[in-house]
Amino acid sequence: MSEIETLEAELIGAIDGAADEAALEQLRIAALGKKGSISALMKSLGGMSPDERKVMGPALNGLKTRITEAIGARKSHLAEIALDARLASEFVDVTLPTRDGPLREGRIHPISQVTEEIEAIFADMGFSVAEGPDIEDEHHNFDALNIPESHPARQMMDTFYMPERADGKRMVLRTHTSPVQIRKMENTEPPIRIIAPGRVYRCDYDQTHTPMFHQVEGLVIDKQTHMGQLKWTLEEFCKAFFEVSEVKMRFRPSHFPFTEPSAEVDIGHARVGNQIKIGEGDEWLEILGCGMVHPQVLRNVGYDPEIYQGYAFGMGIDRLAMLKYGMPDLRAFFNSDLRWLKHYGFSVLDVPSLVGGLSS
Ligand code: PHE
């Protein structure tokens, strides 16, 4: 065997045996590096006769190419092995039940669950989610919504006022999510299509009222909007939310300073023992207020009511949760009683979606 053949056999053997990329790199330097064995042979070409060089030149170049290729091949083989090992070690069987521990024990509060269900339904209808602060100024909570100083909702009775500030102004805990309408319109050009879920506060306490509760506001502003769209939107929402093909809804004429005309909506249901059935029976529970946005409200945010109109609604999230999941007392929602939370709470892994099922 010639010197070249011996060297090649040696190198190939070492390359095939290299255990990892670092060992392979050592081999590459030892063969092809500046002081490597192949490089040394290349240098010796200079001292050869032309005839010898004619034979040895191509032979050495061939050796260099084959060794470079062998190193490359070994390198990708090693990478494949490493990937296979990683895939095997990080394997997760998603069909296995969860292990005991926080994931199994923890519960999603019905309010969070229902809020996510509502967001999933309205997102599907093209609404996005907006937010506003819990501590509001009177301008956003009342004035801009056309609620005059003399309106009963502004009396101390219902509203929690913060201490008066140096400038004589009082902040309030927002009494509804409607101020988010104003905030959104103040900084957006129409068209607008939003919902705004969040906490609201009123001084009230009995089986169906707590001083803090949850609403979701809806607002649509565009060049052509009407009550029919509002009604359709709410009916579609209720069917999707209660996961039934028919719901009984009652639109009663009502009054809100910030909508004209205005309506309140009740949901028809039956109580069968401890259960609540939606879409049957003749009991009614009020779940929302709604109407066409009042022209004065549009003017207050700088919109021209001759060009833009819209509709708005405000729903009680807690009421919706009570109806859907048959929870009779609202006060229990906020007692943090672990037994209640375990019974009515939702699994962490059940994320509501329209395709996967809202409450399954
Ligand atoms: N903000 C009203 C309430 O809290 C509900 C509502 C919202 C009514 C939007 C009409 C339009 O009772």
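Counting starts at 1 for both ligands and their atoms, following the listed order. Everything numeric in this text was worked out from a predicted model, so none of it was measured.
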**Request:** Could you tell me if the ring centre of His176 sits under 6.0 Å from that of Phe258?
**Result:** yes
**Prompt:** Got the residues with a heavy atom under 4.0 Å of ligand 1, by chain and number?
**Reply:** His176, Ser178, Gln181, Arg202, Gln215, Glu217, Phe256, Phe258, Thr259, Gly289, Cys290, Ala312, Phe313, Gly314
**Prompt:** Rounded to the nearest 0.5 Å, how far does CG of Asn300 lie from CD of Glu186?
**Reply:** 9.5 Å
**Asked** When you look at NE2 of His209, are more than 12 heavy atoms from neighbouring residues, nucleotides or ligands closer to it than 6.0 Å?
**Response** yes
**Request:** With Arg202 as the cation and Phe213 as the aromatic partner, state whether NZ or CZ is under 6.0 Å from the six-membered ring centre and within 45° of the axis.
**Result:** no
**Message:** For Phe127 and Phe237, I'd like to know if the aromatic rings sit close, meaning centre-to-centre distance below 6.0 Å.
**Reply:** no
**Message:** Taking the basic N atoms (NZ, or NE/NH1/NH2) and the acidic carboxylate oxygens, is any pair closer than 4.0 Å for Asp266 and Arg252?
**Reply:** yes
